[in-house]
Number of protein chains: 2
Amino acid sequence: MSATHTAVTGRQSQPLPDLCAAWPDGGRTVRETLDRIGDKWSVLVIGVLAASGPLRFIALHQRVPGISQRMLTLTLRHLERDGLLSRTAYAEVPPRVEYQLTPLGDSLRAVVTALAQWATDHDDEIKTARHAFDNRR
Amino acid sequence: MSATHTAVTGRQSQPLPDLCAAWPDGGRTVRETLDRIGDKWSVLVIGVLAASGPLRFIALHQRVPGISQRMLTLTLRHLERDGLLSRTAYAEVPPRVEYQLTPLGDSLRAVVTALAQWATDHDDEIKTARHAFDNRR
DNA sequence: CTGTATCCCGATAGATACTG
DNA sequence: CAGTATCTATCGGGATACAG
């Protein structure tokens, strides 16, 4: 690396200043995870399953307040696809399907709990900051 | 609490089975936090600021790959409103504005780092599960 | 009971142009 | 330099109806 002829322009045009070196992947893994669980219902479904153990479709529908059949189905499919929960269908005359967290899903629950803890701890700060911001302008 | 006349119907119609008792707030605080940082750019901006310290608008624009001026502005406003970063404008002839994380924003960074750690640790599991799911159907 | 199939609307985000 | 203003495309998500 000869530094003799690299500084011809004074500054070296910074081709890659440093991008975001905050997280291992430059934040990509964080964003992927947020895309996975950052939607409206995933964390709620995970929370219910974590609290109640295996549940069937209708039980989930009752315990997640406000979710539609469509969104529950979609959310369950996504979580199943990512290996966060398992789906077990029993061939019975009234069909019965049970959903439960996989170990992977349960490990995620721990992370989200930490997030909830942060939210609880700083809820007042955020409310205050928001109020101050809105009243300034 | 006399249990003598409560069981007239056999089952008590379960007015509130148990809802979601997974998290303190029933998941509300989690969802609020995810609404705050679950968008496309917030965590990236926080990450860049956490890694580089105070930065001005154009520096952020350069270091967050792919973000538009509009989205950067909106993201910064939201984060400022929630007290996660502070905005300092200097009255100079070429205007200069510097953004930096508040202690609150930095504390959030720690949480998101944990999330990133989880994502990194289980990335292979998720990829495998996803691949298996897609190839089954 | 456990979904799937449509239709539709509002919110989010990208592109572009313009301003103090 | 640091934004704002529009316009538009896309998408998540709700309501409803229907099917295995």
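A note on names: the letters A, B, ... follow the listed sequences, proteins ahead of strands, and every chain is numbered from 1. All heavy atoms count here, side chains included; hydrogens, waters and symmetry mates do not.
In this structure, the CD atom of A:Glu92 is 13 Å from the P atom of C:dG3, given to the nearest Å. Rounded to a whole Å, the CG atom of A:Asp35 is 15 Å from the P atom of C:dT12. The CG-C1' distance, from A:Leu55 to C:dT2, rounds to 15 Å in whole Å.
Atom CZ of A:Arg130 has more than 12 heavy atoms from other residues, nucleotides or ligands within 6.0 Å. More than 12 heavy-atom neighbours from other residues, nucleotides or ligands sit within 6.0 angstrom of CZ on A:Arg87.
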- Give the C-alpha distance, both sets of side-chain angles, the deciding distance and a yes or no for side-chain hydrogen bond (donor to acceptor under 3.5 Å, both in side chains) between A:Thr33 and B:Trp118. CA-CA 9 Å; A:Thr33 306; B:Trp118 180 91; over 6 Å; no
- Message: Working note: B:Glu98 + B:Arg96, criterion salt bridge (charged side-chain N to carboxylate O under 4.0 Å, His left out); need CA distance, chi angles, decisive distance, verdict.
- Response: CA-CA 7 Å; B:Glu98 283 200 337; B:Arg96 181 166 61 101; 3.7 Å; yes
- Item | Verdict with reasoning, B:Ile126 to A:Arg36, per side chain to side chain contact (heavy atoms under 4.5 Å, CB included) | CA-CA 11 Å; B:Ile126 292 171; A:Arg36 192 170 299 120; 3.4 Å; yes
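Boundaries of the chain A contact region on DNA chain D are D:dG13 to D:dG20, first to last in 5' to 3' order (nucleotide atom under 4.0 Å from a heavy atom).
Contact check of residues 68-86 of chain B against DNA chain C (heavy atom, cut-off under 4.0 Å) returns B:Arg70, B:Met71.
Using a 4.5 Å cut-off on side-chain heavy atoms (C-beta onward), A:Trp23 and A:Thr29 make no contact.
At a threshold of 4.0 angstrom between heavy atoms, the contacts of A:Tyr90 with the nucleic acid are absent.
Checking A:Ser42 against A:Asp39 by side-chain atom types alone, a donor-acceptor pair falls below 3.5 Å.
For the side-chain contact (heavy atoms from CB on, under 4.5 Å) test with B:Ile46, the passing option among B:Leu79, B:Val112, B:Leu85 is B:Leu79; the others fail.
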